[in-house]
Amino acid sequence: GQQLNQSPQSMFIQEGEDVSMNCTSSSIFNTWLWYKQDPGEGPVLLIALYKAGELTSNGRLTAQFGITRKDSFLNISASIPSDVGIYFCAISQGNLIFGKGTKLSVKP
Amino acid sequence: GAGVSQTPSNKVTEKGKYVELRCDPISGHTALYWYRQSLGQGPEFLIYFQGTGAADDSGLPNDRFFAVRPEGSVSTLKIQRTERGDSAVYLCASSFWGSSYNEQFFGPGTRLTVL
């Protein structure tokens with residue numbers, strides 16, 4: 001089946017720093033999604049991307065749909081403690097296919 | 001409004017037993033999905049319902065797993081003869097089919113532990 005390669009696997013950063021993570025695939029997709037999952041909760045949609053090259057922001061979060069349609073990037077600016085959690089990229093084929101996640105830990 | 005709810009939140013069972021996991025989708029959502037999330041992994045698709053019928057069950061790992069949605073709302077995931085490898089968080093999501101890209105809203109999951 002389809003596989004999404006997400007990196008880094010984990011990050012441990014200082015509060016106030018910017019964060020970048022990315023997701024790549026060997027296949028072309030028409031929609032890229034970024035989710036965040038807090039402990040004991042289901043994933044929550046952060047940003048959805050529909051067009052190659054599209055750059056979309058949601059507060060301190062910015063995501064881009066790669067021009068090749070095989071990758072996507074998520075940036076978090078000026079991280080705060082509540083940014084802690086696991087971030088997943090996903091593509092939609094009716095059902096969702098998720099990457100393995102990037103675990104973000106922030107020092108207060 | 002109410003989100004997707006799942007019961008129980010935790011289920012501990014013994015190997016070989018039968019379990020049922022329940023999902024209450026958001027009212028009016030026509031599509032319902034089940035995913036399984038193992039430790040350190042992203043959710044993996046199991047089955048998808050459009051109304052009462054299973055539109056895609058290609059993610060079910062074997063015939064011990066079965067799901068129903070008899071009235072097009074609540075769904076039950078049933079696992080027979082549970083095995084230790086079935087231990088995971090089982091997530092349910094619902095969506096309103098026909099929205100721009102079919103955004104799925106997830107419940108908090110049921111954590112299943114098979115001893």
Side-chain angles (χ1 to χ4, degrees), chain A residues 1-11 21-25 27 29-52 54 56 58 63 65 69 72 74 85-105, chain B residues 2-10 21 23-26 29-50 53-61 67 88-111:
Chain A
Q2 304 291 352
Q3 212 168 7
L4 302 181
N5 301 307
Q6 190 171 348
S7 66
Q9 191 172 8
S10 63
M11 303 184 71
M21 59 191 79
N22 70 82
C23 207
T24 62
S25 171
S27 300
F29 296 111
N30 294 322
T31 305
W32 280 92
L33 308 169
W34 285 93
Y35 283 82
K36 184 189 179 207
Q37 186 174 28
D38 291 325
E41 302 293 330
V44 174
L45 182 68
L46 299 174
I47 293 180
L49 302 159
Y50 306 107
K51 272 174 32 176
E54 178 181 1
T56 298
N58 178 6
F65 190 149
R69 291 161 61 195
S72 180
L74 177 70
I86 304 177
Y87 293 79
F88 291 100
C89 61
I91 59 95
S92 178
Q93 292 187 318
N95 57 286
L96 299 175
I97 298 174
F98 287 84
K100 290 190 174 183
T102 294
K103 185 174 182 179
L104 185 62
S105 303
Chain B
V4 177
S5 63
Q6 293 186 245
T7 53
S9 55
N10 280 284
L21 312 179
C23 173
D24 280 86
I26 293 172
H29 278 191
T30 53
L32 185 147
Y33 305 78
W34 283 98
Y35 294 83
R36 178 167 72 173
Q37 187 173 23
S38 300
L39 195 62
Q41 303 293 318
E44 294 179 328
F45 169 72
L46 295 176
I47 186 170
Y48 149 55
F49 288 88
Q50 185 60 261
D56 182 355
D57 65 358
S58 62
L60 294 178
V89 175
Y90 289 81
L91 294 164
C92 175
S94 69
S95 71
F96 178 68
W97 190 259
S99 58
S100 59
Y101 66 90
N102 187 30
E103 180 180 353
Q104 296 181 28
F105 296 84
F106 284 82
T110 293
R111 181 175 296 278

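Order of the sequence lines sets the chain letters (A, B, ...), proteins ahead of strands, with each chain counted from 1.
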Under 4.5 Å heavy-atom distance to chain A, tell me which part of B/F105 shows up: side chain, backbone, both or neither.
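Neither the backbone nor the side chain of B/F105 comes within 4.5 Å of chain A.
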
For B/Q6, is it the side chain, the backbone, both or neither that has a heavy atom under 4.5 Å from a heavy atom of chain A?
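Neither part.
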
When heavy-atom pairs shorter than 4.5 Å are enumerated against chain A, which of B/R111, B/Q37, B/E44 gives the highest number?
B/Q37

Top contributor to chain A interface from B/P43, B/G109, B/S9 [non-hydrogen pairs under 4.5 Å]:
B/P43

At a heavy-atom separation under 4.5 Å, does A/Q6 approach chain B through its side chain, its backbone, both, or neither?
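When you check distances to chain B, no heavy atom of A/Q6 falls under 4.5 Å.
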
Is the number of heavy atoms from other residues, nucleotides or ligands within 6.0 Å of CZ (A/R69) greater than 12?
yes

Can you tell me how far [atom2] of [Y] sits from [atom1] of [X], rounded to the nearest 0.5 angstrom?
X: A/L49; Y: A/T31; atom1: CG; atom2: OG1; value: 9.0 Å
X: B/L60; Y: B/I47; atom1: CG; atom2: CD1; value: 4.5 Å
X: A/I91; Y: A/S25; atom1: CD1; atom2: OG; value: 7.0 Å

Taking atom types as modelled and ignoring hydrogens, do the side chains of B/Y48 and B/Q104 form a donor-acceptor contact shorter than 3.5 angstrom?
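There is no such pair between these side chains.
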
